[in-house]
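Notes for the one structure printed next.
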Amino acid sequence: MALLAVSLAVGAVATAGSGHAPGGSLRVGGDASYPPYHFIDVHGRAGGFDVELARGVAADLGLDPVFELGEWDVALERLARGELDVVPMFWSAEREQRYGLTEPILLRHHALFGHYETPTVASLEGLTDVRVAVQQSGLAWEAMRELAKPGVTLVAIDNEAQTLAMVARGEADYALTPTGIGYYAIQHSGLRDMVALSPPLLERKYVFAVRPGAPGLVASINGSLDRLRTSGALNRMYVEWLGNPAAGGTRREEATRFARALPATLAALAVALLAGIALFAWRRRTRRASPAAARRHVASTVPGDDDPLILAELRAAIAGQTLDFALQPKVELRSGRVVGAELLVRWQHPRLGALEPDHFVPIIERMQAIGEMTLYLVRNGLARCRDWPDTGDPLHVSINVSANDLADRNLVDAIIEASGGSGHCLMLEITETEVMREPERVAEALPRLRRHGIGISVDDFGVGHSSLVNLRRLAPEELKIDRSFVHALLASRSDRAIVRATIDLGHELGASIAAEGIENEATRRWLLEAGCDVGQGFGIARPMSPAEFMALLRSQP
């Protein structure tokens, strides 16, 4: 076991009722490789959020901190024997029986991580015939053992961050690990094709576990944590170590330099973190309140879907270039050649884990801020398209945009500026999530976009607010048949009639016809015979990373 002793101070620890115990030590254990929470850095020093917080607690109590970080299971054994005073860890009922536990430091979650193409899972109960990598003796290991689902094989390893590496090597299908650890591993270990494939799971309190038989130390640490919260010191530690994913695991001064370089991003992330701390404080208060008082407090303080926090976090992701996307190939049905890709936004939310677009795009639209995200995606999509190899075919990237956003002249100007002479690479897929409010302004924007080579596609044709009037108004280069008609067309005579009529109508108007949601070869053949030009869907190609799409283009003859 590799251990690091930062201080050799020994002596008494705090006793019940005393806020300070001068002249003693606080022996802190943990994992030597658990960034950004606790770890040993390249200089042989202990670092991370937990280490910084333990230093603050020790200073508040008049103690010298002693950090002994090594193997996780050994740390648990040493804590049980009283050789360590505290170890930061997730709360569990089993651990509450073994150790003394402080008030929560924060609330944390796990998620199932895996490759882009691996199926998403709504809960642990949805796992079937898969291998799940977990840390031996960690919370995920305990939860999966308790679940004990037939056909689900646990692959245990000492280090949580390495669970994702096991998936990358094909030794497991999913990694069940804390979201912060998973995102850190993706960011710093080159695992760019790995994503969170579940909503946040296993919400647990994160606490300091105290050696058995030391209730006075538990009480003293709780008092210290309250003082650190009140003074704002705990907030500053959150922002420095957890509010900036790119800085996690670096030395403190390096994190500070990064924060100064990205003030807007850090400020927005701080808003999110402070809101999370407020929610944690609310949970502590309402736990002691009567049920009726708690319900009244919920009604008055818990934010709804339109809370500005979501917008602040989205802007932070945009400023920090952490809002991600996948590319789903669009293929010419007759030749089988790739002609472009639809860009699909992906958001690894700092608090909530992986969010589907349906969960946050409507919120951003209602807050009238969707244009900011659209412009970010346009710029990133065009940057990728410019790097694609010359395949001999005109290639484009398709990006969804609300019809009403094209009434915003400033946004249209920004899209044209971003195209920078590469407008032929861009196809705007017009979605109509609400009635078109200013059709005249939209009509004015279309010829301006087309003069710069930017194409227009009508997305999800046949559903929502699509109409023949809007079709005539938009005069699109592409008409995209909604997946709801494609999915069951082989079994539905009416769907086949609608799809045939749409293909004929689009061709009469001079538009190319694309069908989305193609899931099998029989559907692809039927659409080809019916005259459909372009297709996309899982039966053709699943969404993939930009690097994978580049490789696909290079593989074309």
Side-chain angles (χ1 to χ4, degrees), residues 31 33-37 39 72 90 107-145 147 149 151-204 206 242 245-246 248-249 317 322-327 344-357 359-360 542-548:
D31 196 321
S33 181
Y34 193 67
Y37 295 94
F39 57 92
W72 173 247
F90 286 100
L107 297 174
R108 291 179 60 193
H109 302 81
H110 284 59
L112 288 162
F113 289 84
H115 291 289
Y116 275 97
E117 64 270 17
T118 305
T120 57
V121 182
S123 67
L124 295 180
E125 289 74 13
L127 293 170
T128 305
D129 297 326
V130 294
R131 300 162 299 165
V132 181
V134 296
Q135 182 191 42
Q136 179 78 33
S137 301
L139 177 61
W141 182 76
E142 293 176 5
M144 293 302 297
R145 285 184 64 202
L147 182 66
K149 190 168 183 185
V152 176
T153 302
L154 291 189
V155 183
I157 191 172
D158 290 337
N159 183 276
E160 273 181 315
Q162 288 301 311
T163 58
L164 278 79
M166 295 188 71
V167 176
R169 294 193 300 266
E171 298 170 10
D173 303 299
Y174 295 94
L176 180 59
T177 195
T179 53
I181 303 300
Y183 298 144
Y184 181 91
I186 291 171
Q187 175 86 13
H188 293 269
S189 300
L191 304 176
R192 297 302 182 184
D193 60 339
M194 302 284 284
V195 295
L197 297 168
S198 75
L201 305 170
L202 303 179
E203 179 179 288
R204 289 294 191 276
Y206 193 59
L242 306 181
T322 59
L323 188 66
D324 205 359
F325 57 87
L327 294 169
L344 305 171
V345 64
R346 297 286 186 263
W347 192 7
Q348 301 293 336
H349 193 279
R351 292 182 296 112
L352 305 175
L355 289 184
E356 291 294 323
H359 293 164
F360 65 90
R542 289 178 175 269
M544 59 186 65
S545 69
E548 289 172 319

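Please read all numbers here as calculations on a predicted model, not as lab measurements.
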Legend entry - With sequence neighbours excluded, residues passing salt bridge (charged side-chain N to carboxylate O under 4.0 Å, His left out) with Arg346: none

Inset, instruction - Apply side-chain hydrogen bond (donor to acceptor under 3.5 Å, both in side chains) to Arg204 and list each qualifying residue two or more places apart in sequence or on a separate chain. - result: none

Legend entry - side-chain hydrogen bond (donor to acceptor under 3.5 Å, both in side chains) partners for Glu548, two or more places apart: Ser545

Legend entry - Side chain to side chain, Thr179 and Arg108, heavy atoms closer than 4.5 Å: no

Inset, instruction - For the residue pair Val130 and Thr128, establish whether any side-chain heavy-atom pair is separated by less than 4.5 Å. - result: no

Legend entry - Spacing of CG belonging to Asn159 relative to CD1 belonging to Ile181, to within rounding of 0.5 Å: 8.5 Å

Legend entry - Gly114 to Val167 - nearest heavy-atom pair and separation: CA-CG1, 4.0 Å

Legend entry - With sequence neighbours excluded, residues passing side-chain hydrogen bond (donor to acceptor under 3.5 Å, both in side chains) with Ser123: Glu125

Legend entry - Tyr34 ring center near Phe39 ring center (under 6.0 Å): no

Inset, instruction - Looking only at non-hydrogen atoms, find the nearest pair between Ser137 and Glu142 and report the distance. - result: O-OE2, 4.0 Å

Inset, instruction - Answer yes or no: is there a side-chain heavy-atom contact under 4.5 Å between Phe90 and His110? - result: yes

Inset, instruction - Would you mind reporting whether Leu124 and Met144 have side-chain heavy atoms less than 4.5 Å apart? - result: yes

Inset, instruction - For Asp324 and Gln348, run side chain to side chain contact (heavy atoms under 4.5 Å, CB included): C-alpha distance rounded to whole Å, both residues' side-chain angles, the deciding distance at 0.1 Å, then the answer. - result: CA-CA 8 Å; Asp324 205 359; Gln348 301 293 336; 5.8 Å; no

Inset, instruction - Ignoring hydrogens and angles, tell me if any N or O in the side chain of Lys149 forms a donor-acceptor pair with the backbone of Leu127 under 3.5 Å. - result: yes

Legend entry - 4.5 Å side-chain heavy-atom contact, Val345 and Leu323: yes

Legend entry - Results of ring pair (Phe, Tyr, Trp, His ring centres under 6.0 Å) for His115 - residues two or more places apart only: none

Inset, instruction - Work out which heavy atom in Ala168 is nearest to a heavy atom in Met194; give both atom names and the distance. - result: N-CE, 4.3 Å

Inset, instruction - Taking all non-hydrogen atoms of both residues into account, name the closest pair between Ala185 and Leu164 and its distance. - result: CB-CD2, 4.3 Å

Inset, instruction - Sort and list the pairs that fulfil salt bridge (Lys or Arg N to Asp or Glu O under 4.0 Å) and have at least one residue in residues 130-141, not counting sequence neighbours. - result: Arg131-Asp173

Legend entry - Under 3.5 Å: donor-acceptor pair, side chain of Ser198, backbone of Leu112: yes

Inset, instruction - Tell me, please, which residues at least two apart from Tyr174 pass ring pair (Phe, Tyr, Trp, His ring centres under 6.0 Å). - result: none

Legend entry - Nearest-0.5 Å distance, CD of residue Gln162 to OG of residue Ser33: 7.0 Å

Inset, instruction - Please confirm whether the backbone N or O of Asp158 pairs with a side-chain atom of Gln135, one donor and one acceptor, at under 3.5 Å? - result: yes

Inset, instruction - Name all residues meeting the ring pair (Phe, Tyr, Trp, His ring centres under 6.0 Å) criterion together with Trp347; count only those two or more places apart in sequence or in a different chain, and write none if there are none. - result: His349, Phe360

Legend entry - Qualifying residues under ring pair (Phe, Tyr, Trp, His ring centres under 6.0 Å), relative to Phe325, sequence neighbours excluded: none

Inset, instruction - List for me each residue that meets side chain to side chain contact (heavy atoms under 4.5 Å, CB included) alongside Thr163, sequence neighbours excluded, and say none if there are none. - result: Ala133, Ile157, Ala175, Thr177

Inset, instruction - Return the set of residues passing side-chain hydrogen bond (donor to acceptor under 3.5 Å, both in side chains) with Thr118 (not counting sequence neighbours), or none when no residue passes. - result: none

Inset, instruction - Find out whether Glu160 and Trp141 are in side-chain contact, i.e. whether some heavy atom of one side chain is under 4.5 Å from a heavy atom of the other. - result: no

Inset, instruction - For Glu171, check salt bridge (charged side-chain N to carboxylate O under 4.0 Å, His left out) against everything at least two apart and list the hits. - result: Arg169

